[in-house]
Amino acid sequence: MPELPEVEVVRAGVEPAVTGAVVAGIEIFDERSLRRHDATAGSFGDLLVGRRILGAVRRGKFLWLPLDSGRALVIHLGMSGQVLLRSPGQTDDRHLRIRLAVEHTESDSPGPRELWLNFVDQRVFGSMSVDSMHPTSDGFAAGYSGRGEGEWTGLLPSQVSHIARDPLDPAFSDDLFRAGLRRKKTGIKRALLDQTLISGIGNIYADEALFAARLHYEQPTASLDGAQGDALLLALRSILHRALVEGGTSFDAQYVNVNGQSGYFAHSLEVYGRQGKPCSRCGAILVRQTFMNRGSHFCPACQVVDGAPVCDSATRFQAPS
DNA sequence: CGAAAGACCTGAGTGC
DNA sequence: TGCACTCAGGTCTTTC
């Protein structure tokens, strides 16, 4: 599932291929992928065709391509979205929902003059849209944009405005995050998945970071002390960074980079998908519980609340598979 | 108002 | 072989 590292791999792949190019045409194969497009200002195609792409920016799991019109093409991969760079005329990918034909008109462009940017999405949880841009409230860059520069770096698409900064963002405020945790009345994992508090983290990296920080997913956020908060942030940054270096986590063909290649971080997972196997730290058998309509994976011996294991009843655990 | 639950999706896997 | 059912989870919407 694309979380921050996977989306960043896509951003880094798209940026050099499309920066400076003009959108020459679009094809929409499935209108559901435009669910997040607000057509008040114009149709998706009308707002896109003829516009020049200025860069590629990411905040959390949201990706956007700023346009010379002052708007941006916003891309969210959802559960199964992919952005694939193809040569014009190439056979359609399965689950192709939207295609952009882009053309480099600059004389000094190093890559191919024309290419297709295919938005492929099996489960249709992802989307593309053209959105208006607004200055960030803190005045810092809106997200990570590689070496991009221009006024657009300080502008945020309106549908991303409620998304918090991610922990790899230099403008991420540790203090703001800790204050947010103290204010909340919920468990730590639910808070990590709340993109308005901290962005970029999904089910896999939430489980991995909580394991690294030795925290149980149901520990109340308000009860975390300073050391636990620090350990959690350290774990989050370390895991996200390592996953990024390894090209993200792939279990199947549902996540690939812009060239269709898989990442390698799945080999480095300590708890996610490892229920029934021994904990690498203490040897206890790892457990999977259903939580928030998804799986929570953890070590019942070393991920505890306030020094005491939460595994009060063995019947709460699913049998190892 | 915040927290939690439900809706949206499709293909792989399972049981009969 | 085929059919019904379950599971995977990010985000938006609805409900409490």
Side-chain angles (χ1 to χ4, degrees), chain A residues 1-11 29-38 58-64 74-83 93-98 119-129 131 156-164 166 179-210 217-223 240 243 248-256 265-266 269 271-276 288-298 318-321:
Chain A
M1 332 310 148
E3 303 180 32
L4 186 155
E6 293 77 30
V7 179
E8 176 54 26
V9 167
V10 171
R11 192 210 64 79
F29 301 96
D30 195 327
E31 294 279 346
R32 293 174 301 175
S33 294
L34 296 179
R35 196 181 312 122
R36 289 190 182 88
H37 178 76
D38 175 6
R58 179 194 53 75
R59 173 185 287 207
K61 305 170 199 171
F62 278 85
L63 172 65
W64 65 91
V74 180
I75 304 169
H76 198 287
L77 301 178
M79 286 293 302
S80 55
Q82 303 172 355
V83 176
D93 297 286
R94 196 178 179 199
H95 305 305
L96 175 62
R97 309 296 181 191
I98 297 171
F119 183 68
V120 171
D121 188 7
Q122 179 204 106
R123 277 173 254 187
V124 208
F125 276 23
S127 65
M128 278 189 160
S129 60
D131 203 357
L156 192 63
S158 63
Q159 67 179 275
V160 189
S161 63
H162 67 293
I163 302 295
D166 61 66
L181 285 183
R182 280 194 296 274
R183 214 167 36 238
K184 277 190 164 292
K185 292 180 171 60
T186 187
I188 183 60
K189 181 167 177 182
R190 204 180 286 273
L192 289 181
L193 297 177
D194 179 354
Q195 305 295 303
T196 67
L197 179 66
I198 184 170
S199 70
I201 300 152
N203 200 43
I204 298 172
Y205 297 116
D207 281 1
E208 292 298 313
L210 289 170
Y217 69 91
E218 281 184 316
Q219 167 136 4
T221 53
S223 76
L240 292 175
T249 302
S250 305
F251 299 112
D252 50 33
Q254 289 314 314
Y255 163 70
V256 291
F265 195 68
L269 297 175
V271 285
Y272 185 88
R274 298 194 72 247
Q275 61 271 22
R288 176 188 183 277
Q289 284 181 358
T290 299
F291 171 73
M292 288 177 77
N293 272 330
R294 64 200 74 193
S296 245
H297 311 75
F298 67 102
Q318 297 185 355
S321 59

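The structure presented is a predicted model; accordingly, all values stated were derived computationally and were not measured. Just so it is clear: chains get the letters A, B, ... in the order the sequence lines come, proteins before strands, and each one is counted from 1. Only heavy atoms go into these numbers, but all of them, side chains included; no hydrogens, no water, no symmetry mates.
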A correct 5'-to-3' footprint of nucleotides 11-16 of chain C, with B, S and - meaning base, sugar-phosphate only and no protein heavy atom under 4.0 Å, is BS----
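Inter-axis angle, ends of the helix from B/dG2-C/dC16 to B/dC16-C/dG2, five pairs per end, rounded to 10 degrees: 50°.
The separation between A/Gln289 atom CD and C/dC7 atom P is 15 Å, rounded to whole Å. Taking atom CG of A/Leu192 as the reference point, atom C1' of B/dA3 lies 16 Å away to the nearest angstrom. At whole-Å resolution of the value, CD in A/Glu31 and C1' in B/dC9 are 17 Å apart. Rounding to whole angstrom units, CD of residue A/Gln275 and P of C/dA8 are separated by 9 Å. Rounded to whole Å, atom C1' of B/dG11 lies 17 Å from atom CG of A/Asp93. The distance between atom CZ of A/Arg183 and atom C1' of B/dC1, rounded to the nearest whole Å, is 13 Å. A straight line from CD of A/Glu3 to C1' of C/dA8 spans 13 Å, rounded to a whole angstrom. Atom CZ of A/Arg32 and atom C1' of C/dG10 are 17 Å apart (whole Å).
Contact annotation: A/Arg123 side-chain N/O to C/dA8 OP1/OP2 distance is not under 4.0 Å. Between A/Asn293 and C/dG9, a side-chain N or O to OP1/OP2 separation shorter than 4.0 Å is absent. Remark: A/Lys184 is in phosphate contact with B/dA3, judged by side-chain N or O atoms under 4.0 Å from OP1 or OP2. At C/dG9, none of the side-chain N or O atoms of A/Tyr205 fall inside 4.0 Å of OP1 or OP2 (strictly under the cut-off). At least one side-chain nitrogen or oxygen of A/Thr186 sits closer than 4.0 Å to the OP1 or OP2 atom of B/dA4.
For A/Arg94, counting side-chain heavy atoms from C-beta on, the closest listed nucleotide (C/dG9, B/dA12, C/dG10) is B/dA12. In this structure, the nucleotide among B/dA3, C/dG10, B/dC9 sitting nearest to the side chain of A/Val124 is B/dC9.
Residues meeting the ring-ring contact (aromatic ring centres under 6.0 Å, His included) test with A/Phe119, sequence neighbours left out: none. Evaluation of the side chain to side chain donor-acceptor pair (under 3.5 Å) rule for A/Ser158 yields A/Asp131 as partners, not counting sequence neighbours. A/Tyr272 pairs by the ring-ring contact (aromatic ring centres under 6.0 Å, His included) definition with A/Phe251, A/His297, not counting sequence neighbours. With sequence neighbours left out, the side chain to side chain donor-acceptor pair (under 3.5 Å) criterion links A/Arg274 to no other residue.
Residues A/His76 and A/Phe125 have side chains not in contact (no heavy-atom distance under 4.5 Å, counting atoms from C-beta outward). Contact of the A/Tyr205 side chain with the A/Thr249 side chain is registered, since non-hydrogen atoms from C-beta on lie closer than 4.5 Å.
Looking at heavy-atom distances under 4.0 Å, A/Gly126 makes no contact with the nucleic acid at all. Residue-level contact check: A/Asp121 touches neither bases nor backbone, having no heavy atom under 4.0 Å from any strand.
Looking at A/Arg32 and A/Asp121, no side-chain N of the basic residue comes within less than 4.0 Å of a carboxylate O on the acidic one, giving no salt bridge.
Panel note: side chain A/Thr196, backbone A/Ile163; no donor-acceptor pair is recorded below 3.5 Å.
When only modelled atom types and interatomic distance are considered, A/Lys61 and A/Ser199 share no side-chain donor-acceptor pair under 3.5 Å.
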Step by step, would you call A/Arg36 with A/Ser129 a side chain to side chain donor-acceptor pair (under 3.5 Å)? CA-CA 6 Å; A/Arg36 289 190 182 88; A/Ser129 60; over 6 Å; no
